[in-house]
S.K.: 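Sharing a structure below in structure tokens format, with a few things to ask.
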Amino acid sequence: MSSDDTSRGTPPVERQRMDVDIVCVGFGPATGGFLTTLSRELANTDGTAKLESAVMPGAPPQIVCYERADDIGFGVSGVVTRARGIRGTFPDLDPSQIPLVAPVTHEKLLYLLDHIGASRRSLTLRLADKLIRGCRRMLPYDAEAVELPYIPPFLRKEGGLVLSLGQFNQWVGSQLLGAGTVQIWPGTPVAAPLVDGNRVEGVRLLDQGTDKNGAPEAAFMAGMDIHAALTVVADGPVGPIGAQIDRQFGMPAGHHQRDWAVGMKMVVDLPESCTLEPGTVWHTFGYPEPGLFGFLYVYPGRVASLGIFVPSWFDSPVRTAYRNLQHWMLHPYLWRHLNGGTLRSWGAKTLAESGQRGEPHLVGNGYARIGEGSGSTNVLTGSGVDEAWTTGVQLAEGVIELLQKKRPFTKENLEAAYVNRRRASWVEREGRVAKRARDGFHHGVVTGLVGMALAGVSQGALHLPLKPRRPRDHTPALAEYYRGRIPRDEVDRICRECAARGVSSHNALMDRAGWPAIPYDGRLLVSHQDALLMGGKVQAPAGCADHIAFLYPELCEICGTKICIEICSAQAITPGGNGVPSFDREKCIHCGACVWNCATPHPEDPERSVMELRAGTGGLHSAEN
Ligand SMILES: Cc1cc2nc3c(=O)[nH]c(=O)nc-3n(C[C@H](O)[C@H](O)[C@H](O)COP(=O)(O)OP(=O)(O)OC[C@H]3O[C@@H](n4cnc5c(N)ncnc54)[C@H](O)[C@@H]3O)c2cc1C
Ligand code: SF4
Ligand code: SF4
């Protein structure tokens, strides 16, 4: 039996074993769709088995789901969704029954101009801005922004819902737990898949009572081995189990995960004066940097979910999502609605945005992949929740079919029962349209927008003949990025001084490059650390190994950009001794941004970086994100 866990130096220990029929890794929308669909077919209303367990004959199949976070409602997302798959599962869905859900009422696509003059704009954009300002009386121009007169159909969410992922997951989970047919265990990270030859046999849970290197301490408790006929991998965009399976079985030829984004958000109590109606959906681009996208969705009760995405193509080694989010909120078009508001909740997470190009092997002997980690997120429509949910439903339908026919969960059977369903569905069809829609962004924002429009309008028939590049291959060094704005020796001096103080350099560099200081108000505009305390309530139980690993410290020592420090969503990575960053588990929110953004390719696999996100406990404690 092999697993990465053993190769990480954990000494051989006695492990307890449990046998179930199906084990799921992670409780997000994908598993929500899977378990909701499956649970309806497990038992009759009188509690007798509709389908029979192989490990507990006479009883319904034993289904267990392990979630890393301390609650099933601690996910992070926008969300606006057309909710086709979700409504398919709940045809009588009454949005008013779920907190922080509203039907979409108004949608706007906004181009934000730079009223400060500090962003890096191409000549084309600078000319466009001049033209817009010159013709503003003839345009839908307001407060340094232009509302695009037309939202392409592929972006519209008319008829859909805005919702809080945390609240939605809790609502789904409470129904599942109420029905009593499946078990969901939050606060239980899965450390590794149990792999035997070409078959996944289940999962190993995280060891507890260890030091930060994973070595047993006095209260050591070896993670249990859970054996199952089917392992459902639904651990999201940076899931360690999906990553270990990819390393074990490889990716399909030509597939890679070069596109991703860091999404950082806040949930805000809007000021009483705010007139934005529930169901309002705004998407923005253009500011604080042209390559950053923003969103604002309004829930009932004068609460908004808002944030920005820092995408892989963003050509800046100073990639801080937090400072950029604050400048975005302060844009005049937005700030007039937000001024006087209060931070309720804050969070960040990455999105796997390679779509079908990033699709791993969807099934193998004994396992199946669903949700964002399976390449379901649609990069053209900006939609991941409903797609993830739907892939979960498709797997559940396939599993029910196999259980009814008493067929084993082999690769071939799962291909026929699950993958074929997925290939015949709207998730696949629309994923195909989106497949090359974003290639242009690696060559500039305007090129990217043109490519997206081309793919969207032509239904994927046309696309720009450009190849996606690995972000680290085109992210410039700091001195190069600031050339013409900050002299090279000053960039070096700022970085040296910040490193000596043990802090990232982005704030000092952005100040020097002309970005005004953030006027902290102690309510909505707060320091990064205050956001962690007020809005994220980050926790990390003691007694577990560090879940962020610098695999090659000697490469970190010579790394010039140290981009992992600049991007870290929670100031959990800071300059350390000998040039190797240090990691503070207490602050980490498990967003995965550092792993995607790390500037150095793995010596054995250029598609990977030299950082690894492993299974870990804790993270954000907020059910509103
Ligand atoms: C800021 C932001 C805004 C977004 N906006 C939108 C939007 O407007 N509309 C939209 O449709 N989508 C949006 N998305 C994308 C959407 O959130 C995802 O596509 C969706 O959540 C994917 O669902 P999933 O179930 O595949 O994975 P996730 O929701 O990521 O769930 C995976 C779960 O697995 C758990 N897990 C990971 N590792 C382990 C482990 N080792 N052991 C146990 N559990 C583990 C995680 O804690 C997590 O709960 C947004 C995302 C972000 C970050
Ligand atoms: S983890 Fe990556 S980005 Fe960070 S210092 Fe090491 S090599 Fe550089
Ligand atoms: S250290 Fe944690 S919080 Fe920081 S970027 Fe990495 S995963 Fe996110």
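Just follow the structure's listing: the first ligand is 1, and inside any ligand the first atom is 1. Fair warning: this is a prediction, and the values are worked out from it, not measured in the lab.
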S.K.: For Pro476 and Asp315, work out which heavy atoms get closest and say how close.
M.R.: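 Reported closest heavy-atom pair: CD-O, 3.6 Å.
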S.K.: Counting heavy atoms only, name the option from Asp584, Ile573, Ile567 that's nearest to atom 1 (S) of ligand 3.
M.R.: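 Checking each option, the heavy atom nearest atom 1 (S) of ligand 3 is found in Ile573.
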S.K.: Check whether any side-chain heavy atom of Leu35 lies under 4.5 Å from a side-chain heavy atom of Phe27, and answer yes or no.
M.R.: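 Yes - at least one pair of side-chain heavy atoms lies under 4.5 Å apart.
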S.K.: Could you tell me if the ring centre of His506 sits under 6.0 Å from that of Tyr322?
M.R.: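 Centroid separation for His506 and Tyr322: 6.0 Å or greater.
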S.K.: State whether Cys591 contributes an N/O/S atom found under 2.8 Å from atom 8 (Fe) of ligand 3.
M.R.: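 Within the cut-off used here (under 2.8 Å), Cys591 does place an N, O or S atom near atom 8 (Fe) of ligand 3.
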S.K.: List the closest protein heavy-atom neighbour of atom 4 (Fe) of ligand 3: residue, atom name, distance to the nearest 0.1 Å.
M.R.: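 Residue, atom and distance for the closest contact: Cys568 SG, 2.3 Å.
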S.K.: Can you confirm whether the side chains of Trp185 and Gln183 place a donor and an acceptor under 3.5 Å from each other?
M.R.: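 Trp185 vs Gln183: donor-acceptor pair found between side chains.
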S.K.: Using the benzene-type ring in the case of Trp, are the ring centres of Trp328 and Phe293 under 6.0 Å apart?
M.R.: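 No; Phe293 has its ring centre 6.0 Å or more from that of Trp328.
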S.K.: So how many protein N, O or S atoms does atom 2 (Fe) of ligand 2 have within less than 2.8 Å?
M.R.: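 That number is 1, waters not included.
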S.K.: Holding to salt bridge (charged side-chain N to carboxylate O under 4.0 Å, His left out), I want the full list of residues that pass it with Arg422, two or more places apart in sequence or in another chain.
M.R.: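 With neighbours one apart ignored, the set is empty.
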S.K.: Closest by any non-hydrogen atom to atom 3 (S) of ligand 3: pick that one out of Leu620, Ile565, Ile589, Val595.
M.R.: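 That would be Ile589.
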S.K.: Could you list each N/O atom of ligand 1 together with any protein N/O atom closer than 3.5 Å, one pair per line with the distance?
M.R.:
residue, atom, partner, partner atom, Å
ligand 1, 5 (N), Gly78, N, 3.2
ligand 1, 8 (O), Val80, N, 2.9
ligand 1, 8 (O), Tyr297, OH, 3.0
ligand 1, 9 (N), Val80, O, 2.9
ligand 1, 11 (O), Gly384, N, 2.8
ligand 1, 11 (O), Val385, N, 3.0
ligand 1, 12 (N), Gly384, N, 3.3
ligand 1, 14 (N), Ser77, OG, 3.1
ligand 1, 17 (O), Ser77, OG, 2.7
ligand 1, 19 (O), Glu372, OE1, 2.3
ligand 1, 19 (O), Thr377, OG1, 3.4
ligand 1, 25 (O), Pro29, N, 3.1
ligand 1, 25 (O), Ala30, N, 2.9
ligand 1, 26 (O), Glu372, N, 2.7
ligand 1, 30 (O), Lys349, NZ, 2.9
ligand 1, 41 (N), Val190, O, 2.9
ligand 1, 42 (N), Val190, N, 2.9
ligand 1, 44 (N), Arg68, N, 2.9
ligand 1, 47 (O), Glu67, OE2, 2.6
ligand 1, 49 (O), Glu67, OE1, 2.8
ligand 1, 49 (O), Glu67, OE2, 3.1

S.K.: Aromatic rings His621 and Phe74: how do their planes relate, parallel, tilted or perpendicular, breaks at 30° and 60°?
M.R.: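 His621 vs Phe74 ring planes: tilted.
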S.K.: Report the residues that fulfil salt bridge (charged side-chain N to carboxylate O under 4.0 Å, His left out) with Arg357, sequence neighbours left out, ordered by chain and then residue number.
M.R.: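 By the salt bridge (charged side-chain N to carboxylate O under 4.0 Å, His left out) rule, Arg357 matches Asp439.
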S.K.: Taking the six-membered ring for Trp and the single ring otherwise, decide whether the centroids of Phe550 and Phe583 are under 6.0 Å apart.
M.R.: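 No, the ring of Phe550 stays outside the 6.0 Å limit from the ring of Phe583, centre to centre.
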